[in-house]
There are 2 protein chains.
Amino acid sequence: MYKTCILKILMYICPMYSSELIKGTLKTIVLNLLRDKGRMYGYEITAKVKELTEGKIQITEGALYPTLHSLEKNGELETEKEFIGKRVRKYYSLTSQGQETASQKVNELADFMNTMKFLLDLEPKLGNA
Amino acid sequence: MYKTCILKILMYICPMYSSELIKGTLKTIVLNLLRDKGRMYGYEITAKVKELTEGKIQITEGALYPTLHSLEKNGELETEKEFIGKRVRKYYSLTSQGQETASQKVNELADFMNTMKFLLDLEPKLGNA
DNA sequence: TTTTATACATAAGAAAGTTATGTGTTAATT
DNA sequence: AATTAACACATAACTTTCTTATGTATAAAA
(Lines give C-alpha, C1' and ligand atoms only; values in the text may rest on other atoms or scores of the structure.)
Protein backbone atom coordinates (compact mmCIF):
# COMPACT_ATOMS: atom_id res chain seq x y z
CA MET A 1 0.00 0.00 0.00
CA TYR A 2 1.12 3.53 -0.74
CA LYS A 3 -0.72 5.01 2.23
CA THR A 4 2.41 6.18 4.01
CA CYS A 5 3.77 7.78 0.89
CA ILE A 6 0.50 9.46 0.03
CA LEU A 7 0.22 10.81 3.56
CA LYS A 8 3.66 12.37 3.28
CA ILE A 9 2.73 14.06 0.03
CA LEU A 10 -0.50 15.31 1.56
CA MET A 11 1.39 16.68 4.55
CA TYR A 12 3.63 18.59 2.18
CA ILE A 13 0.72 20.06 0.25
CA CYS A 14 -1.43 20.72 3.31
CA PRO A 15 0.76 21.21 6.38
CA MET A 16 -0.62 20.44 9.83
CA TYR A 17 0.58 21.83 13.11
CA SER A 18 3.04 19.76 15.07
CA SER A 19 1.09 17.72 17.55
CA GLU A 20 2.70 19.29 20.62
CA LEU A 21 0.85 22.51 19.87
CA ILE A 22 -2.54 20.85 19.79
CA LYS A 23 -1.86 19.15 23.10
CA GLY A 24 -3.69 20.88 25.85
CA THR A 25 -6.13 22.70 23.60
CA LEU A 26 -8.32 19.73 22.70
CA LYS A 27 -10.73 20.02 25.62
CA THR A 28 -11.12 23.72 25.01
CA ILE A 29 -11.85 23.16 21.34
CA VAL A 30 -14.47 20.52 22.08
CA LEU A 31 -16.18 22.49 24.85
CA ASN A 32 -16.28 25.63 22.74
CA LEU A 33 -17.71 23.85 19.71
CA LEU A 34 -20.42 22.24 21.79
CA ARG A 35 -21.28 25.58 23.34
CA ASP A 36 -21.65 26.99 19.87
CA LYS A 37 -23.53 24.15 18.19
CA GLY A 38 -25.63 22.89 21.07
CA ARG A 39 -25.04 19.21 20.46
CA MET A 40 -22.71 17.18 18.29
CA TYR A 41 -21.48 13.63 17.95
CA GLY A 42 -17.84 12.63 17.98
CA TYR A 43 -17.28 12.05 14.32
CA GLU A 44 -19.00 15.35 13.57
CA ILE A 45 -16.59 17.19 15.87
CA THR A 46 -13.52 15.87 14.07
CA ALA A 47 -15.06 16.76 10.72
CA LYS A 48 -16.08 20.26 11.82
CA VAL A 49 -12.66 21.12 13.25
CA LYS A 50 -10.97 19.86 10.10
CA GLU A 51 -13.32 21.92 7.96
CA LEU A 52 -13.03 25.12 10.01
CA THR A 53 -9.25 24.95 10.08
CA GLU A 54 -8.88 23.91 6.46
CA GLY A 55 -7.25 20.67 7.51
CA LYS A 56 -4.63 22.31 9.70
CA ILE A 57 -6.03 20.76 12.85
CA GLN A 58 -7.09 17.16 12.57
CA ILE A 59 -8.31 15.56 15.76
CA THR A 60 -7.63 11.86 15.78
CA GLU A 61 -10.27 9.51 17.10
CA GLY A 62 -7.77 8.03 19.53
CA ALA A 63 -7.50 11.48 21.09
CA LEU A 64 -11.12 12.56 20.82
CA TYR A 65 -13.06 9.66 22.28
CA PRO A 66 -11.05 9.34 25.49
CA THR A 67 -11.38 13.10 25.92
CA LEU A 68 -15.15 12.99 25.46
CA HIS A 69 -15.42 10.11 27.91
CA SER A 70 -13.37 11.91 30.51
CA LEU A 71 -15.36 15.13 30.11
CA GLU A 72 -18.57 13.15 30.53
CA LYS A 73 -17.23 11.29 33.55
CA ASN A 74 -16.29 14.64 35.01
CA GLY A 75 -19.79 16.03 34.60
CA GLU A 76 -19.06 18.53 31.86
CA LEU A 77 -20.95 16.67 29.15
CA GLU A 78 -24.09 14.57 28.90
CA THR A 79 -25.02 12.17 26.12
CA GLU A 80 -27.96 10.74 24.25
CA LYS A 81 -27.76 7.88 21.79
CA GLU A 82 -29.54 8.01 18.48
CA PHE A 83 -29.94 5.43 15.78
CA ILE A 84 -29.46 6.37 12.15
CA GLY A 85 -30.73 3.19 10.54
CA LYS A 86 -28.73 0.55 12.40
CA ARG A 87 -25.83 2.88 13.12
CA VAL A 88 -25.39 4.39 16.57
CA ARG A 89 -24.63 8.02 17.14
CA LYS A 90 -23.74 9.42 20.53
CA TYR A 91 -24.68 13.06 20.82
CA TYR A 92 -22.84 15.16 23.36
CA SER A 93 -24.02 18.42 24.91
CA LEU A 94 -22.79 20.67 27.71
CA THR A 95 -24.14 20.41 31.21
CA SER A 96 -24.48 23.67 33.13
CA GLN A 97 -21.12 22.90 34.69
CA GLY A 98 -19.78 22.34 31.20
CA GLN A 99 -21.00 25.79 30.16
CA GLU A 100 -18.95 27.37 32.90
CA THR A 101 -15.91 25.27 32.20
CA ALA A 102 -16.13 26.16 28.51
CA SER A 103 -16.07 29.87 29.29
CA GLN A 104 -13.20 29.50 31.70
CA LYS A 105 -11.13 27.41 29.32
CA VAL A 106 -11.67 29.73 26.36
CA ASN A 107 -10.81 32.80 28.43
CA GLU A 108 -7.70 31.13 29.77
CA LEU A 109 -6.56 30.13 26.30
CA ALA A 110 -7.22 33.61 24.90
CA ASP A 111 -5.23 35.14 27.75
CA PHE A 112 -2.45 32.62 27.27
CA MET A 113 -2.23 33.43 23.57
CA ASN A 114 -1.92 37.13 24.33
CA THR A 115 0.86 36.44 26.78
CA MET A 116 2.62 34.24 24.23
CA LYS A 117 2.32 36.89 21.55
CA PHE A 118 3.93 39.40 23.86
CA LEU A 119 6.62 36.93 24.93
CA LEU A 120 7.46 36.08 21.33
CA ASP A 121 7.57 39.74 20.30
CA LEU A 122 4.73 39.26 17.87
CA GLU A 123 2.94 42.34 19.13
CA PRO A 124 4.58 45.75 19.58
CA LYS A 125 3.30 46.17 23.16
CA LEU A 126 1.22 44.58 25.86
CA GLY A 127 -1.72 46.97 25.68
CA ASN A 128 -2.11 47.30 29.41
CA ALA A 129 -2.32 51.02 30.16
CA MET B 1 4.88 23.88 57.00
CA TYR B 2 2.37 26.20 55.39
CA LYS B 3 3.97 25.94 51.96
CA THR B 4 0.97 24.27 50.34
CA CYS B 5 -1.39 26.82 51.80
CA ILE B 6 0.78 29.76 50.81
CA LEU B 7 1.08 28.39 47.28
CA LYS B 8 -2.71 28.21 47.02
CA ILE B 9 -3.07 31.80 48.14
CA LEU B 10 -0.38 32.89 45.69
CA MET B 11 -2.11 31.02 42.88
CA TYR B 12 -5.28 32.88 43.70
CA ILE B 13 -3.58 36.24 43.73
CA CYS B 14 -1.39 35.54 40.74
CA PRO B 15 -2.99 32.89 38.51
CA MET B 16 -0.81 30.74 36.26
CA TYR B 17 -1.85 28.97 33.11
CA SER B 18 -2.76 25.33 33.35
CA SER B 19 0.28 23.32 32.52
CA GLU B 20 -1.23 21.65 29.47
CA LEU B 21 -1.14 24.95 27.66
CA ILE B 22 2.52 25.49 28.25
CA LYS B 23 3.29 22.02 27.00
CA GLY B 24 4.50 22.18 23.46
CA THR B 25 5.49 25.83 23.57
CA LEU B 26 8.54 25.48 25.80
CA LYS B 27 11.07 24.85 23.03
CA THR B 28 9.70 27.76 21.06
CA ILE B 29 9.95 30.08 24.06
CA VAL B 30 13.53 29.05 24.77
CA LEU B 31 14.69 29.30 21.17
CA ASN B 32 13.05 32.69 20.72
CA LEU B 33 14.54 34.10 23.91
CA LEU B 34 18.01 32.94 22.95
CA ARG B 35 17.61 34.46 19.51
CA ASP B 36 16.72 37.72 21.15
CA LYS B 37 19.30 37.80 23.95
CA GLY B 38 22.22 36.07 22.26
CA ARG B 39 23.18 33.86 25.17
CA MET B 40 21.60 32.92 28.46
CA TYR B 41 21.96 30.34 31.19
CA GLY B 42 19.19 28.10 32.39
CA TYR B 43 18.27 29.81 35.60
CA GLU B 44 18.27 33.14 33.77
CA ILE B 45 15.75 31.80 31.25
CA THR B 46 13.27 30.76 33.92
CA ALA B 47 13.65 34.13 35.64
CA LYS B 48 13.26 36.10 32.41
CA VAL B 49 10.13 34.25 31.32
CA LYS B 50 8.60 34.71 34.75
CA GLU B 51 9.44 38.41 34.67
CA LEU B 52 8.17 39.03 31.13
CA THR B 53 4.89 37.22 31.78
CA GLU B 54 4.38 38.70 35.24
CA GLY B 55 4.52 35.26 36.79
CA LYS B 56 1.90 33.76 34.52
CA ILE B 57 4.36 31.38 32.90
CA GLN B 58 6.80 29.74 35.26
CA ILE B 59 9.11 27.22 33.69
CA THR B 60 10.10 24.53 36.15
CA GLU B 61 13.68 23.35 36.24
CA GLY B 62 12.55 19.77 35.73
CA ALA B 63 11.09 20.87 32.42
CA LEU B 64 13.78 23.31 31.35
CA TYR B 65 16.99 21.38 31.81
CA PRO B 66 15.92 18.25 29.91
CA THR B 67 14.68 20.54 27.14
CA LEU B 68 17.98 22.41 26.95
CA HIS B 69 19.89 19.13 26.90
CA SER B 70 17.77 17.74 24.12
CA LEU B 71 18.08 20.92 22.05
CA GLU B 72 21.84 20.80 22.50
CA LYS B 73 22.01 17.14 21.61
CA ASN B 74 19.99 17.93 18.51
CA GLY B 75 22.42 20.60 17.37
CA GLU B 76 20.19 23.60 17.97
CA LEU B 77 22.19 24.97 20.89
CA GLU B 78 25.84 25.17 21.92
CA THR B 79 27.19 25.78 25.40
CA GLU B 80 30.08 27.34 27.27
CA LYS B 81 30.68 26.97 30.97
CA GLU B 82 31.60 29.92 33.11
CA PHE B 83 32.59 30.16 36.73
CA ILE B 84 31.13 32.86 38.95
CA GLY B 85 33.34 32.39 41.98
CA LYS B 86 32.98 28.67 42.61
CA ARG B 87 29.54 28.45 41.04
CA VAL B 88 29.13 27.04 37.54
CA ARG B 89 26.98 28.64 34.89
CA LYS B 90 26.23 27.00 31.57
CA TYR B 91 25.55 29.55 28.89
CA TYR B 92 23.48 28.48 25.91
CA SER B 93 23.40 30.10 22.48
CA LEU B 94 21.83 29.22 19.14
CA THR B 95 23.76 27.43 16.43
CA SER B 96 22.99 28.44 12.87
CA GLN B 97 20.63 25.49 12.71
CA GLY B 98 19.07 26.75 15.90
CA GLN B 99 18.46 30.14 14.30
CA GLU B 100 16.48 28.52 11.54
CA THR B 101 14.54 26.29 13.90
CA ALA B 102 13.70 29.29 16.08
CA SER B 103 12.18 31.12 13.09
CA GLN B 104 10.23 28.09 11.99
CA LYS B 105 8.88 27.38 15.45
CA VAL B 106 7.82 30.96 16.09
CA ASN B 107 6.09 31.20 12.72
CA GLU B 108 4.29 27.94 13.28
CA LEU B 109 3.11 29.00 16.71
CA ALA B 110 1.92 32.38 15.42
CA ASP B 111 0.00 30.65 12.65
CA PHE B 112 -1.45 28.15 15.10
CA MET B 113 -2.63 30.92 17.39
CA ASN B 114 -4.39 32.64 14.51
CA THR B 115 -6.15 29.43 13.61
CA MET B 116 -7.15 28.90 17.23
CA LYS B 117 -8.51 32.41 17.52
CA PHE B 118 -10.63 31.82 14.48
CA LEU B 119 -11.75 28.41 15.72
CA LEU B 120 -12.72 29.81 19.09
CA ASP B 121 -14.59 32.72 17.54
CA LEU B 122 -12.28 35.22 19.17
CA GLU B 123 -11.85 37.14 15.94
CA PRO B 124 -14.72 38.28 13.71
CA LYS B 125 -13.22 36.81 10.53
CA LEU B 126 -10.20 34.99 9.15
CA GLY B 127 -8.76 37.87 7.12
CA ASN B 128 -7.96 35.79 4.09
CA ALA B 129 -9.38 37.68 1.11
C1' DT C 1 -17.13 -6.46 -4.82
C1' DT C 2 -13.99 -3.88 -2.88
C1' DT C 3 -12.94 0.47 -1.20
C1' DT C 4 -14.22 4.66 1.20
C1' DA C 5 -16.86 7.10 4.53
C1' DT C 6 -19.38 6.88 8.69
C1' DA C 7 -19.28 5.85 13.74
C1' DC C 8 -18.00 4.03 17.74
C1' DA C 9 -14.15 2.08 21.14
C1' DT C 10 -9.74 0.77 23.34
C1' DA C 11 -4.94 -0.54 24.18
C1' DA C 12 0.21 -0.10 23.69
C1' DG C 13 3.60 3.14 23.38
C1' DA C 14 5.87 7.83 23.09
C1' DA C 15 6.46 12.56 24.46
C1' DA C 16 6.72 16.08 27.49
C1' DG C 17 5.56 17.73 31.19
C1' DT C 18 5.18 17.69 37.05
C1' DT C 19 6.88 16.59 41.43
C1' DA C 20 10.42 15.25 44.23
C1' DT C 21 14.99 14.81 45.25
C1' DG C 22 19.92 15.68 45.23
C1' DT C 23 24.32 18.53 45.18
C1' DG C 24 26.68 22.63 46.19
C1' DT C 25 27.53 27.99 46.53
C1' DT C 26 26.33 32.65 47.95
C1' DA C 27 23.56 36.15 50.10
C1' DA C 28 20.27 37.53 53.45
C1' DT C 29 17.92 37.08 57.65
C1' DT C 30 17.12 36.08 62.45
C1' DA D 1 26.38 32.05 64.38
C1' DA D 2 22.85 29.61 62.34
C1' DT D 3 19.33 29.10 59.37
C1' DT D 4 16.74 30.25 55.44
C1' DA D 5 16.33 31.85 50.76
C1' DA D 6 18.22 32.55 46.27
C1' DC D 7 21.30 30.90 42.86
C1' DA D 8 22.59 27.06 39.63
C1' DC D 9 22.93 22.80 38.03
C1' DA D 10 20.99 17.73 37.37
C1' DT D 11 18.07 13.55 37.26
C1' DA D 12 14.57 10.03 38.27
C1' DA D 13 9.76 8.42 39.14
C1' DC D 14 5.38 9.36 37.80
C1' DT D 15 1.30 11.36 35.23
C1' DT D 16 -1.12 13.15 31.53
C1' DT D 17 -2.18 13.31 26.99
C1' DC D 18 -1.48 12.44 22.82
C1' DT D 19 -0.13 8.99 18.49
C1' DT D 20 -0.45 4.76 16.33
C1' DA D 21 -2.58 0.61 15.77
C1' DT D 22 -6.27 -2.29 16.12
C1' DG D 23 -11.06 -3.79 16.43
C1' DT D 24 -16.16 -3.81 15.32
C1' DA D 25 -19.87 -2.68 12.32
C1' DT D 26 -23.04 -0.11 8.85
C1' DA D 27 -23.80 2.55 4.55
C1' DA D 28 -22.54 4.41 0.29
C1' DA D 29 -19.77 4.64 -3.77
C1' DA D 30 -16.54 2.97 -7.28
Side-chain angles (χ1 to χ4, degrees), chain A residues 1-4 6-8 10-11 16-30 39-51 57-74 77 79-92 105, chain B residues 1-4 6-7 11 16-30 39-51 57-74 77 79-92 105:
Chain A
M1 299 222 242
Y2 298 104
K3 274 190 180 177
T4 316
I6 288 164
L7 195 63
K8 278 181 186 174
L10 277 173
M11 295 275 287
M16 295 199 311
Y17 300 119
S18 60
S19 58
E20 310 109 65
L21 287 182
I22 296 161
K23 266 185 197 179
T25 62
L26 182 53
K27 277 185 186 169
T28 310
I29 291 170
V30 168
R39 55 175 230 154
M40 297 178 88
Y41 56 97
Y43 193 82
E44 193 185 3
I45 292 172
T46 62
K48 196 70 192 169
V49 170
K50 190 176 167 183
E51 179 203 327
I57 297 179
Q58 289 185 33
I59 300 174
T60 61
E61 293 173 289
L64 181 67
Y65 290 117
T67 297
L68 287 172
H69 299 162
S70 105
L71 285 170
E72 187 187 7
K73 194 179 161 194
N74 204 15
L77 303 182
T79 62
E80 352 167 37
K81 281 185 185 177
E82 244 175 62
F83 279 87
I84 309 300
K86 283 178 188 171
R87 198 150 53 183
V88 161
R89 267 187 201 165
K90 220 167 143 186
Y91 276 95
Y92 290 86
K105 284 265 183 192
Chain B
M1 298 222 242
Y2 298 104
K3 272 191 181 176
T4 315
I6 288 165
L7 196 64
M11 295 275 287
M16 294 201 310
Y17 300 119
S18 62
S19 58
E20 311 109 64
L21 288 181
I22 295 160
K23 267 185 196 181
T25 61
L26 182 54
K27 277 185 186 171
T28 310
I29 291 171
V30 168
R39 55 174 229 155
M40 296 177 90
Y41 57 97
Y43 193 84
E44 192 185 4
I45 292 172
T46 63
K48 196 71 194 168
V49 170
K50 190 176 168 185
E51 180 203 326
I57 298 179
Q58 290 186 32
I59 301 173
T60 60
E61 294 172 288
L64 180 66
Y65 291 115
T67 298
L68 287 172
H69 298 162
S70 105
L71 285 170
E72 186 186 7
K73 194 179 160 194
N74 205 13
L77 302 182
T79 60
E80 353 166 36
K81 281 185 186 175
E82 245 173 62
F83 279 87
I84 309 300
K86 283 176 186 172
R87 199 150 54 183
V88 160
R89 265 186 202 165
K90 221 166 140 185
Y91 276 96
Y92 289 87
K105 283 266 181 191

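Keep in mind that the numbers below use all heavy atoms, side chains included, and drop hydrogens, waters and symmetry copies. In what follows, chains carry the letters A, B, and so on, assigned in the order in which the sequence lines appear, proteins first and then strands, with residues in each chain numbered from 1.
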Nearest atoms (heavy-atom pairs only) where Thr46(A) meets Ile59(A):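 The pair with the smallest heavy-atom distance is CG2-O, 3.6 Å.
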pair Gln58(A)-Val49(A): side-chain heavy atoms closer than 4.5 Å: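 No, too far: nothing below the 4.5 Å cut-off.
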Tyr92(B) vs Glu72(B) side-chain heavy atoms within contact, under 4.5 Å: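 The answer is yes; the side chains approach within 4.5 Å.
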Most 5' of Thr25(B) and Gly85(B) on DNA chain C, judged by nearest nucleotide: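 It is Thr25(B), whose closest nucleotide lies nearer the 5' terminus.
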Presence of Tyr43(A) side-chain N/O under 4.0 Å of dT6(C) phosphate oxygens OP1/OP2: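 Yes, Tyr43(A) has a side-chain N/O under 4.0 Å of OP1/OP2 on dT6(C).
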Under 4.0 angstrom between Thr67(B) side-chain N/O and dG17(C) OP1 or OP2: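 Yes, because at least one side-chain N or O of Thr67(B) sits under 4.0 Å from OP1 or OP2 of dG17(C).
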Round to a whole Å and report the spacing from [atom1] of [X] to [atom2] of [N].
{"X": "Ile45(A)", "N": "dA9(C)", "atom1": "CD1", "atom2": "P", "result": "11 Å"}
{"X": "His69(B)", "N": "dC9(D)", "atom1": "NE2", "atom2": "C1'", "result": "8 Å"}
{"X": "Lys81(A)", "N": "dT26(D)", "atom1": "NZ", "atom2": "P", "result": "15 Å"}
{"X": "Leu68(A)", "N": "dC18(D)", "atom1": "CG", "atom2": "C1'", "result": "14 Å"}
{"X": "Leu26(A)", "N": "dT19(D)", "atom1": "CG", "atom2": "C1'", "result": "13 Å"}
{"X": "Tyr65(A)", "N": "dA7(C)", "atom1": "OH", "atom2": "P", "result": "9 Å"}
{"X": "Ile84(A)", "N": "dA7(C)", "atom1": "CD1", "atom2": "P", "result": "7 Å"}
{"X": "Tyr92(A)", "N": "dA9(C)", "atom1": "OH", "atom2": "P", "result": "5 Å"}

Test applied, side chain to side chain contact (heavy atoms under 4.5 Å, CB included); reference residue, Lys27(B); option that passes from Asn74(B), Leu68(B), Leu71(B):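 The option that passes is Leu71(B).
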From dT26(C), dT19(D), dA10(D), nucleotide with atom closest to Thr60(A) side chain: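 Of the candidates, dT19(D) comes closest.
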Proximal nucleotide (of dT18(C), dA15(C), dC8(C)) relative to the Ala63(B) side chain: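 Side chain of Ala63(B) sits closest to dT18(C).
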Earlier contact from the 5' end, DNA chain D, for Gly62(A) and Pro66(B):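 Taking each residue's closest nucleotide, the earlier one in sequence belongs to Pro66(B).
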Sugar-phosphate only, base, or nothing, as touched by Arg87(A) at under 4.0 Å among non-hydrogen atoms: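 If one applies the 4.0 Å heavy-atom cut-off, Arg87(A) turns out to touch a base.
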Sugar-phosphate, base or nothing in reach of Glu61(B), heavy atoms under 4.0 Å: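 Since a base atom lies under 4.0 Å of Glu61(B), the category is base.
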Qualifying residue, where the test is salt bridge (charged side-chain N to carboxylate O under 4.0 Å, His left out) with Glu80(A) and the options are Arg89(A), Lys90(A), Arg39(A):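 Running salt bridge (charged side-chain N to carboxylate O under 4.0 Å, His left out) over Arg89(A), Lys90(A), Arg39(A) with Glu80(A) returns exactly one hit, Arg39(A).
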